[in-house]
Undergrad: 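Mind having a look at this structure? Questions to follow.
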Amino acid sequence: MISHPAPSRHCAVEFQALPSRIGQVRRIVSAQLRYWHLPHLVDTAALGVTELLANVHRHTGADKQCTVEIVLLWDRLTVSVRDHDPRLPEIRSAGSSATSGRGLALVAAVSESWGMRAQQGGEGKVVWFTLPAPPPRRCLGGAGRAVRPAPAPEVSATAAEALGADVGTPATAPDRVSAVPG
């Protein structure tokens with residue numbers, strides 16, 4: 001029997017968690033999932049990453065630098081947000097008239113699983129959630145031959161360029177974007 005390594009995809013975006021950037025990263029995550037042929041996960045992943053980034057913006061100190069990472073490994077998509085604040089988030093019970101405090105409960109409700117972990121040496125934390133994803137399928141080529149889908153390309157341009165945004169204004173572009181082919 002021939003065994004193949006687990007198909008995986010990876011994309012990471014580093015940026016400042018400012019309100020103007022949160023929407024941009026949500027669009028990057030959505031575009032990446034569409035590229036990976038996972039359009040059915042776009043809304044849920046975008047909602048979850050928006051909630052996690054809102055927490056970074058609201059609860060971290062002056063250092064809003066963070067990394068959003070999406071990883072597809074076989075049948076599971078993991079979305080994580082890493083920041084430099086060592087304080088772990090807490091799920092709170094929000095009152096019926098509260099305008100905030102439901103983000104982690106919402107992430108828990110829409111995801112397969114979620115969690116958090118402190119970074120080694122108190123250098124921050126990672127908050128993550130997972131969504132079920134179908135295993136990668138082989139496409140049928142001409143004459144019924146099985147053909148592997150093309151791997152994801154390296155992303156050498158900024159995410160703003162990839163999305164067709166104006167890259168002349170540094171404030172609109174993430175600090176760094178990378179994608180690793182599967």
Side-chain angles (χ1 to χ4, degrees), residues 6-60 64-85 89 102-117 124-136 149-167 169-182:
S8 66
R9 307 263 191 234
H10 175 264
C11 180
V13 182
E14 292 181 25
F15 70 105
Q16 292 285 323
L18 304 173
S20 61
R21 298 270 179 106
I22 292 172
Q24 183 181 27
V25 172
R26 183 176 52 244
R27 288 187 298 275
I28 291 168
V29 168
S30 298
Q32 190 66 53
L33 292 178
R34 284 186 191 97
Y35 183 78
W36 289 346
H37 304 287
L38 299 170
H40 58 285
L41 297 180
V42 167
D43 291 338
T44 307
L47 174 65
V49 79
T50 299
E51 292 300 329
L52 296 184
L53 292 174
N55 282 348
V56 172
H57 175 70
R58 183 177 204 134
H59 299 292
T60 61
K64 305 283 187 207
Q65 187 72 24
C66 65
T67 302
V68 171
E69 190 171 30
I70 54 175
V71 176
L72 176 63
L73 185 60
W74 279 113
D75 62 349
R76 180 155 296 112
L77 180 77
T78 302
V79 179
S80 63
V81 175
R82 181 175 55 242
D83 65 47
H84 298 286
D85 188 333
R102 295 178 183 84
L104 290 177
L106 184 60
V107 169
V110 301
S111 65
E112 180 179 62
S113 62
W114 77 280
M116 62 190 96
R117 66 181 177 276
K125 66 183 168 296
V126 177
V127 182
W128 55 268
F129 64 91
T130 64
L131 299 172
E154 288 288 331
V155 176
S156 59
T158 65
E161 289 171 323
L163 292 172
D166 176 17
V167 295
T169 309
T172 64
D175 299 328
R176 187 168 69 191
V177 177
S178 66
V180 177

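For the single chain, residues carry numbers from 1 onward in sequence order.
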Undergrad: What side-chain donor-acceptor pairs closer than 3.5 Å can you find for residues 39-46, not counting sequence neighbours?
TA:
none

Undergrad: Could you please spell out the steps behind the side-chain contact (heavy atoms from CB on, under 4.5 Å) verdict for D83 and V126?
TA: CA-CA 7 Å; D83 65 47; V126 177; over 6 Å; no
Undergrad: Tell me if a side-chain donor or acceptor on T67 pairs with a main-chain N or O of R82 at a distance below 3.5 Å.
TA: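 Looks like no, no N/O pair under 3.5 Å.
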Undergrad: To check you understand the geometry: which heavy-atom pair defines the closest contact between W128 and S80, and what is its length?
TA: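 It is CB-CB, 3.8 Å.
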Undergrad: Write down the atom of H10, the atom of W36, and the distance for their closest heavy-atom approach.
TA: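 Taking H10 first and W36 second, the nearest heavy atoms are N-CZ2, 3.6 Å.
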Undergrad: Would you name the heavy atoms of C11 and Q32 that are closest together and state the gap between them?
TA: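 In this case the closest contact between C11 and Q32 is SG-OE1, 3.7 Å.
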Undergrad: Is the shortest heavy-atom distance from the side chain of H59 to the side chain of P89 under 4.5 Å?
TA: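 Side chain of H59 against side chain of P89, heavy atoms only: no contact under 4.5 Å found.
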Undergrad: Decide yes or no for L73 and T78: does some side-chain heavy atom of the first lie under 4.5 Å from some side-chain heavy atom of the second?
TA: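 Sidechains of T78 and L73: no contact.
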Undergrad: Considering all heavy atoms of both residues, which atom of H57 and which atom of I22 are nearest to each other, and what is their separation?
TA: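 Shortest heavy-atom contact: CB-CD1, 4.2 Å.
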Undergrad: Could you measure the distance from the NZ atom of K64 to the CZ atom of R58? Nearest 0.5 Å is fine.
TA: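 The CZ atom of R58 is 10.5 Å from NZ of K64, to the nearest 0.5 Å.
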Undergrad: Could you give me the CA-CA distance, side-chain angles and deciding distance for D85 and K125, then say whether side-chain contact (heavy atoms from CB on, under 4.5 Å) is met?
TA: CA-CA 7 Å; D85 188 333; K125 66 183 168 296; 3.6 Å; yes
Undergrad: For L131 versus S111, what's the shortest heavy-atom pair and its separation?
TA: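 Scanning both residues completely, I find the closest heavy atoms to be CD2-CA, 3.8 Å.
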Undergrad: Looking at T50, N55, V49, which one forms a side chain to side chain contact (heavy atoms under 4.5 Å, CB included) with L53?
TA: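 The option that passes is V49.
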Undergrad: Is there side-chain contact between F129 and V110, with at least one heavy-atom pair below 4.5 Å?
TA: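 No, every pair of side-chain atoms sits at 4.5 Å or beyond.
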Undergrad: Go through the structure and list residues passing salt bridge (Lys or Arg N to Asp or Glu O under 4.0 Å) with R76, not counting sequence neighbours.
TA: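 Partners of R76 under the salt bridge (Lys or Arg N to Asp or Glu O under 4.0 Å) test: E112.
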Undergrad: For the residue pair C66 and F15, establish whether any side-chain heavy-atom pair is separated by less than 4.5 Å.
TA: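 A side-chain contact exists here, since the closest heavy-atom pair is under 4.5 Å.
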Undergrad: For a side-chain contact (heavy atoms from CB on, under 4.5 Å) check, start with the C-alpha distance between L33 and L77, then their side-chain angles and the critical distance, and finish with the verdict.
TA: CA-CA 10 Å; L33 292 178; L77 180 77; 3.8 Å; yes
